Amino acid sequence: MALTLRSSSSFINLRDTKYLRASDDFSSSLCFVQFKPSCRLQAKNSTHLAQLSPEKTLLSDETTVERLHGLSVDRKACSRVPVFVMLPLDTVSIGGHLNKPRAMNASLMALKSAGVEGVMVDAWWGLVEKDGPLKYNWEGYYELVQMVQKHGLKLQVVMSFHQCGGNVGDSCSIPLPPWVLEEISQNPDLVYTDRSGRRNPEYISLGCDSLPVLKGRTPIQVYSDYMRSFRERFNDYLGGVIVEVQVGLGPCGELRYPSYPESNGTWRFPGIGEFQCYDKYMRSSLEASAEAVRKKEWGISGPHDSGQYNQFPEDTGFFRRDGTWKTEYGQFFLEWYSAKLIEHGDSILAAAESIFQGTGAKLSGKVAGIHWHYRTRSHAAELTAGYYNTRNHDGYLPIARMLGKRGVVLNFTCMEMRDGEQPEHANCSPEGLVRQVKMATRTSRTELAGENALERYDESAFGQVMATSRSDSGNGLSAFTYLRMNKRLFEGHNWRNLVTFVKNMSEGGRNLRLSEYDTGRTDLYVGLMDGDQNAKAKEAAGEMKYVYVNA
C-alpha cells in the first residue's frame, strides 16, 4: 500500500517558554503544526521504519527505488535520512526501572515535535542479567518501549554486552553481570590482556568465544540466550516500534579490541594503543596459527617492537614508515589478529540473524572511527584495534562484506568530523576514513548508517553529517543516530541547530525556511490553550532544564 509521511513539527517559543517541567500531563500544552507530505513511500506495513538502504530494486513501472526498513522510497521524490537520538546511558537504573519517567516522557515529546524518527537505548547486559545466569529483567526497557510507542517514535535497541565506564562519554558505571565478574576473578584470562599483563574488564575476550567458561555456557551461547530472551519479551514490538537491534560486538559495543583504554589514564589521544592478545586463549590461537604456517617461533608472543599506548608510530620498530608491519611476520600477525576479530563478529551476528529473522527488525553492527595516524603508512592506531588497514591493505572491505552477507547495517562513527579540525601532529583524517568506509560498503553492497563520535551541537558538525549522508553513487547514509540527549541539547541555540538538521536530513539535505510561526527563531512553538491547559503551560515555563534526563 502507499503511505504518505507528513512532517509533524511543533514549535516552542523559547522566549515565552524557556523551561519546561517534566510532567506526564505536559502533552496537553503542545499544539502541532502540520506540513505537507515530503515524500511518498511504498510500505509493506505502516509500522516499519523508513530507512534507506543502498540496495536498489526495480518496480514493475521501471521506477528506481531504494529499499527501506520494510519500505521502499522513490528516490526521485525523496532522499530522506531518518535521524535518531541516543538516550542517556543510565536510562534504566541499576534496579532495573526506567529512570525519571516524567522527564523522559517530556523529552520524547520534544524530540517527536522536532521531527526525530526515534531514539536509541543501550540494553545493558550488566543490568538485565545481573541476578544470575538466565535470570533476565526487562521491565525498565518494557516501560520505555511503551512510552516510545505512545509518542509515535521508533526505537533502536543495543545489545550492550560491554561494560559502561572508562571510555569517551561514559557518564555512569555499569559493569558486567556480577556472576560474570565472579568467573573473571577466578580466571582473569577471560578478559583482554596487553603485553604488560594489564587486564581489561570491559568485555569478554574473543579468544574464549567457543569455550564453556561462563558457568557451563560459551560467551556466544550467553549472548545468544540474551538476545533470544529479548526477542521473546518484545516480540509484539519488533518490526513495529523496535525497528533496529544493534548487536554489541566489543568494547563500547564496537567490533574492535580495547586497544586505547582511557580508564586510569592508560591511553591518551593520539597514542597508537597496544595489541590485546596476551590472555591465554588468544596466545593459544596465535601459537596454533603459527604452527599451521610452519613458523612456530611466530606464535611465542605478539610483536616485541610495537611500543606502548601513548607512543607515536615513528617511535616504534613495528609501526614506523618501513617497520616490521611490512615484513612477512608482520603481515602474518596482522592477518591473524584482524581475522580473529572478524570471526568473532560473524559468530555473534550469525546467532542474531537466526534469532531475529522474520521479526521485521533490522540488525546493525558498529565499527569504530579510529582516524588518528590515518595519514601515516602503517595506520598504527587502527592496527592495534584490529583493523588491518594500511597504505597497502584495505581493512574495512572484509568487515563490510562480513556484515553485508548477513544483511547487517554497518554503523560507523566520526561522521561529524573534518580534517581541518584535528591537531596536525596526530596525522588525522576522519574525512578520508569515512570515504574509505563508504567505498567499502558500496563495493560490498552493505547498508551504511552513521553516528557522531563526540558531543557536537554546532552548525559545522551538522553540516558535515549532511554532506556525508548524501551520495549520488548509492553509498549515502540510510540513517543517522545523534549522540546524545542531555541538558545541553535542549539549550536554545543547540536545539535550533538540531531541529534544522533533522528537517534538512528529512528533505534530503535541502535548506528549509523557518516556519512563519517561529517568532523566536527556534523551530519550536508552544501554543497556549485556554483555561487549565493554559495555566499548566505557563506553570511549566520556567523549568525547561528538567525536560531531559541527565546523561
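Computed from a predicted model, the values in this text were never measured in an experiment.
Aromatic pair Trp124/Trp138: ring centres not closer than 6.0 Å. Checked against the 6.0 Å centroid criterion, the rings of Tyr482 and Phe462 qualify as a close aromatic pair. Checked against the 6.0 Å centroid threshold, Tyr257 and Tyr192 count as a close aromatic pair. For Phe480 and Phe501, the distance between ring centers is under 6.0 angstrom. The distance between the ring centers of Tyr226 and Phe161 falls below 6.0 angstrom. The ring of Trp125 has its center no closer than 6.0 angstrom to the ring center of Tyr136. Tyr141 has its ring centre no less than 6.0 Å from the ring centre of His97.
Checking side-chain atoms of Thr500 against main-chain N and O of Asn497 turns up no donor-acceptor pair under 3.5 Å. Looking only at distances, a side-chain donor or acceptor of Asn486 sits under 3.5 Å from a matching main-chain atom of Leu489. Looking only at distances, a side-chain donor or acceptor of Asn494 sits under 3.5 Å from a matching main-chain atom of Arg488. Judged purely by atom type and a 3.5 angstrom limit, Gln163 uses its side chain to pair as donor or acceptor with the backbone of Gly165. The main-chain N or O of Leu87 is found under 3.5 Å from a side-chain atom of Arg484 such that the two form a donor-acceptor pair. No side-chain donor-acceptor contact under 3.5 Å links Ser229 to the backbone of Asp225. When atom types are taken as modelled, the side chain of Asp90 and the backbone of Ser93 share no donor-acceptor pair closer than 3.5 angstrom. A donor-acceptor pair is defined here as one N or O able to donate and one able to accept, closer than 3.5 Å; no such pair exists between the side chain of Arg80 and the backbone of Glu507. Side-chain atoms of Asn452 come within 3.5 Å of backbone N or O of Leu483 as a donor-acceptor pair.
Within the 4.5 Å cutoff, the side chain of Val81 has no heavy atoms near those of the Met466 side chain. In this structure, the side chains of Pro201 and Leu176 stay at 4.5 Å or more apart for every pair of heavy atoms. When side chains are defined from C-beta on, Leu349 counts as touching Leu249, because their heavy atoms get closer than 4.5 Å. The closest side-chain heavy-atom distance from Ile220 to Ile348 is below 4.5 Å. The shortest distance between side-chain heavy atoms of Ile242 and Tyr237 falls below 4.5 Å. Proximity of Lys112 to Leu108: side-chain heavy atoms (C-beta onward) are nowhere separated by under 4.5 Å. Counting heavy atoms from C-beta outward, Leu410 and Glu447 have side chains that stay 4.5 Å or more apart. Leu98 is listed as a side-chain neighbour of Thr91, based on a closest heavy-atom distance under 4.5 Å.
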### Message
Go through it in stages, so that I can follow the logic: the residues are Asn99 and Met104, the test is side chain to side chain contact (heavy atoms under 4.5 Å, CB included), and I'd like the CA-CA distance, side-chain angles, deciding distance and then a yes or no.
### Response
CA-CA 8 Å; Asn99 250 333; Met104 179 61 70; over 6 Å; no
### Task
Any chance you could lay out the salt bridge (charged side-chain N to carboxylate O under 4.0 Å, His left out) test for Glu262 and Arg268, step after step, and finish with the verdict?
CA-CA 7 Å; Glu262 285 197 298; Arg268 297 184 306 276; over 6 Å; no
### Step-by-step salt bridge (charged side-chain N to carboxylate O under 4.0 Å, His left out) determination, Glu139 to Arg233
CA-CA 9 Å; Glu139 294 317 299; Arg233 185 67 178 88; 3.2 Å; yes
#### Entry: Steps toward salt bridge (charged side-chain N to carboxylate O under 4.0 Å, His left out) verdict (Arg418, Glu431)
CA-CA 6 Å; Arg418 300 175 189 263; Glu431 293 181 63; 5.9 Å; no
### Query
Step by step, would you call Tyr457 with Leu498 a side chain to side chain contact (heavy atoms under 4.5 Å, CB included)?
CA-CA 7 Å; Tyr457 309 92; Leu498 176 72; over 6 Å; no
### Query
Please walk me through it: do Glu183 and Lys215 pass side chain to side chain contact (heavy atoms under 4.5 Å, CB included)?
CA-CA 8 Å; Glu183 293 290 302; Lys215 296 193 180 299; 3.1 Å; yes
### Message
salt bridge (charged side-chain N to carboxylate O under 4.0 Å, His left out) for Glu129 and Arg217? Distances and angles first, verdict last.
### Response
CA-CA 14 Å; Glu129 201 178 356; Arg217 291 185 294 165; 3.1 Å; yes
### Message
Let's go through Met415 and Leu477 carefully: what are the C-alpha distance in whole Å and the side-chain angles of both, what is the deciding distance for side chain to side chain contact (heavy atoms under 4.5 Å, CB included) to 0.1 Å, and is it a yes or a no?
### Response
CA-CA 10 Å; Met415 293 290 181; Leu477 299 185; 3.7 Å; yes
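Rounding to the nearest 0.5 Å places CD of Glu202 at 10.0 Å from SG of Cys164. Separating the CE atom in Met86 from the CD atom in Glu455 is a distance of 10.0 Å, to the nearest 0.5 Å. The distance from the CE atom of Met485 to the CG atom of Leu111 is 6.5 Å, given to the nearest 0.5 Å. Once rounded to the nearest 0.5 Å, the distance linking CD of Glu451 with NZ of Lys366 reads 4.0 Å. Atom OG of Ser364 sits about 4.0 Å away from atom CD of Gln246, to the nearest 0.5 Å. Here the straight-line distance linking atom NZ of Lys362 with atom OG of Ser478 works out to 7.5 Å at 0.5 Å rounding.
Counting non-hydrogen atoms of neighbouring residues, nucleotides and ligands closer than 6.0 angstrom, the CD atom of Glu232 exceeds 12 such neighbours. The neighbour count for Lys135 NZ, taken as heavy atoms of other residues, nucleotides or ligands under 6.0 Å away, does not exceed 12.
Shortest non-hydrogen contact noted between Ile94 and Ser173 is CD1-O, 4.3 Å. Contact record, Val245 with Ala361: CG2-CB, 4.3 Å, taken as the closest heavy-atom pair. Taking every heavy atom of both residues into account, Val119 and Phe84 meet most closely at N-CD2, 3.6 Å. Closest of all the heavy-atom pairs between Leu89 and Cys172 is CB-SG, 3.8 Å.
Side-chain contact annotation: Gln276 with Asn200, donor-acceptor N/O pair under 3.5 Å absent. Inspection of the His151 and Asn105 side chains reveals an N or O donor paired with an N or O acceptor under 3.5 Å. Side chain to side chain, Arg256 and Tyr260 meet the donor-acceptor criterion of an N or O pair below 3.5 Å.
Contact check on Lys154 versus Glu117 returns no salt bridge, with no Lys/Arg side-chain nitrogen under 4.0 Å from an Asp/Glu carboxylate oxygen.
In this structure, Ser354 has no side chain to side chain donor-acceptor pair (under 3.5 Å) partners at least two apart in sequence or on a different chain.
Ring pair Phe269/Trp267 is perpendicular by interplanar angle, where above 60° counts as perpendicular and below 30° as parallel.
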